[in-house]
Amino acid sequence: MTYNNSYEDSSIFTEKTMSDSCNGSKCIVSCSCNSANGWYDTPSSYSARAASAYGSITKTSLRTYADLGNKTKSCTHNCSCSTSSSTSCPTGYSTGTTSCASGKYFVSTSCTTTTTYTCSPSGCSYNNTYTYPKGGKCNNCTYSETVSAISCPAGYSTDTTSCTTGKTLKKANGTKTITYTKDQNVSTCPAKTSTTQTITNACGKCEDEYFTAKVTICLDVQDRSTKEPWLNYVGDNLYYKAEGKYYGYVYGLAYDGSNDPGHMNCKTDTITFNNNPPKIEFSYMPNISDLAAGRLPPNVTWCEEQDSEYSTSGLRIISEKTRGAYRDFVYEVQPGWGWDGSNEANITVIYRCHISGTPDYHW
């Protein structure tokens, strides 16, 4: 005989009724828990019901029996749950980061792993659980800088920014040393080598005002009687010494062509004076090649600086020496003369020699 499950969910309660057609009240013969679906009679002890890891669910229904009247039926089912987990960390952190390469340092924090439970049968539930694993990230190592004062070459100072009259401010580059201290005292942050920074024109010193001069010397050889150019004569030359070097070596007459009777020969050099005082030494001397060949210079009556036609301002004579007919002069170049903003002086000196006799050397 088949019995209907009349008034309650048949997956939980299994009821027997008086007849197949019984579908009303007071016709229930018996009611049991559907063991096939995991339901069982509710134990009287709470501890027995709590034995499941995820607890249990109990369904209770008031039934009206044909012979017993109203009775309550209670069925219990143990809960089962499946789980899923997810982990979240603050931005930039990861539970997979546990160490760092050289040049970076490790920073740790707490992450959160949330475990969610999906339970059955319907009505079962289990609260989410949380764990807090360690997360980490790698940051770039940082360094604090210490910058030294500017270091200057010997004789220079950062305090020297101007000079008194008669002195020139000379500039030079300075250097700063930058040392680094690591902010993180960990092995993955290596020491950083100090660096040097060049500071352009940061240092100064005052020097005596030196300058450049364009020096032109001329040798004019004339006949003693006629004062005309001494034709064909090249037996003597003129040179001068400045800053330890020799300049000039100007010979007798210059010719610009066959029709040129000859004119004084000049040469210009530009000299930078660094010594104090700046000096020029002029000397007039026989041609060395003539002396080596055994030829004697002609009868020289006098040779000296001629200042009636060309200015020699800016030169102060220091000494004069006579060698027979020759006269040598040492001059000091005077600061403050001929300056044009570029510290350049222009000096012209003429030696005019009056000669008599017959020269033994010709063009």
Side-chain angles (χ1 to χ4, degrees), residues 8-14 32-61 72-149 175-199:
E8 196 62 59
D9 185 350
S10 61
S11 65
I12 301 174
F13 298 98
T14 302
S32 62
C33 297
N34 192 339
S35 60
N37 288 341
W39 291 91
Y40 57 90
D41 288 339
T42 301
S44 59
S45 168
Y46 175 80
S47 61
R49 294 196 302 270
S52 171
Y54 299 108
S56 60
I57 185 171
T58 297
K59 295 289 186 177
T60 301
S61 179
T72 298
K73 182 63 178 178
S74 179
C75 295
T76 297
H77 195 297
N78 290 339
C79 294
S80 61
C81 302
S82 62
T83 62
S84 61
S85 298
S86 63
T87 301
S88 63
C89 296
T91 302
Y93 290 84
S94 169
T95 55
T97 301
T98 58
S99 62
C100 300
S102 179
K104 296 181 179 292
Y105 66 96
F106 180 80
V107 181
S108 65
T109 190
S110 291
C111 299
T112 301
T113 297
T114 303
T115 301
T116 302
Y117 297 82
T118 303
C119 302
S120 64
S122 176
C124 287
S125 64
Y126 197 82
N127 291 335
N128 292 347
T129 58
Y130 303 92
T131 57
Y132 304 95
K134 183 179 181 180
K137 69 175 179 178
C138 294
N139 288 343
N140 292 328
C141 297
T142 58
Y143 298 84
S144 299
E145 296 183 1
T146 302
V147 182
S148 71
T175 57
K176 285 183 178 180
T177 299
I178 305 173
T179 55
Y180 303 91
T181 303
K182 59 183 183 179
D183 298 326
Q184 298 80 31
N185 188 25
V186 294
S187 60
T188 54
C189 289
K192 190 174 181 180
T193 304
S194 61
T195 58
T196 300
Q197 181 182 2
T198 299
I199 312 299

*Taking atom types as modelled, find out whether N34 and S11 have a side-chain donor-acceptor pair closer than 3.5 angstrom.*
no
*Would you give the length of the straight line joining atom CD of E145 to atom OG1 of T181, rounded to the nearest 0.5 angstrom?*
10.0 Å
*Using atom types as modelled and distance alone, determine if a side-chain donor or acceptor of T177 lies under 3.5 Å from a backbone N or O of S148.*
no
*Tell me the salt bridge (Lys or Arg N to Asp or Glu O under 4.0 Å) pairs involving residues 82-101, sequence neighbours left out?*
none
*Using a distance-only test with no angle check, is there a side-chain donor-acceptor pair under 3.5 angstrom linking T129 and Y117?*
yes
*For K104, what residues pass the side-chain contact (heavy atoms from CB on, under 4.5 Å) criterion, not counting sequence neighbours?*
C100, C138, N140
_Close side-chain approach of V186 and F106, heavy atoms under 4.5 Å_ = no
*Interatomic distance, K134 atom NZ to T109 atom OG1 [nearest 0.5 angstrom]*: 10.5 Å
_How long is the straight-line distance from SG of C141 back to NZ of K192, given to the nearest 0.5 Å?_
10.5 Å
*Any side-chain donor-acceptor pair under 3.5 Å between S86 and T114?*
no
*Heavy-atom closest contact (S108 atom, Y93 atom, distance)*: C-CE2, 4.1 Å
*Sulfur-sulfur distance C124/C79 under 2.5 Å*: yes
*Looking at OH of Y105 and OG of S187, how far apart are the two atoms once the value is rounded to the nearest 0.5 Å?*
14.5 Å
*Determine whether more than 12 heavy atoms belonging to other residues, nucleotides or ligands lie under 6.0 Å from atom CG of N127.*
no
*Does K73 NZ have over 12 foreign heavy atoms under 6.0 Å away?*
yes
*State whether a side-chain donor-acceptor pair under 3.5 Å links S194 with T179.*
no
*So, for P190 and Y143, which heavy atoms are closest and what is the spacing to 0.1 Å?*
O-OH, 2.6 Å
*Kindly determine whether T195 and Y180 satisfy side-chain hydrogen bond (donor to acceptor under 3.5 Å, both in side chains), including the steps that lead there.*
CA-CA 9 Å; T195 58; Y180 303 91; 3.0 Å; yes
*Pairwise distance CD1(I12) to SG(C33) - rounded to 0.5 angstrom*: 9.0 Å
*Work out which heavy atom in P133 is nearest to a heavy atom in T95; give both atom names and the distance.*
CG-CG2, 4.2 Å
_Minimum-distance pair of heavy atoms, taken over all atoms of S110 and P90_ = O-CD, 3.8 Å
*So how far is it from T115 OG1 to Y130 OH, rounded to the nearest 0.5 Å?*
9.5 Å
_Atom of I178, atom of Q197 and distance for their closest heavy-atom approach_ = CD1-OE1, 3.8 Å
_Over all atoms of both residues, closest heavy-atom pair of P121 and W39_ = CG-CZ2, 4.2 Å
*asked:* For N37, is there any backbone N or O sitting under 3.5 Å from a side-chain donor or acceptor partner on H77?
replied: yes
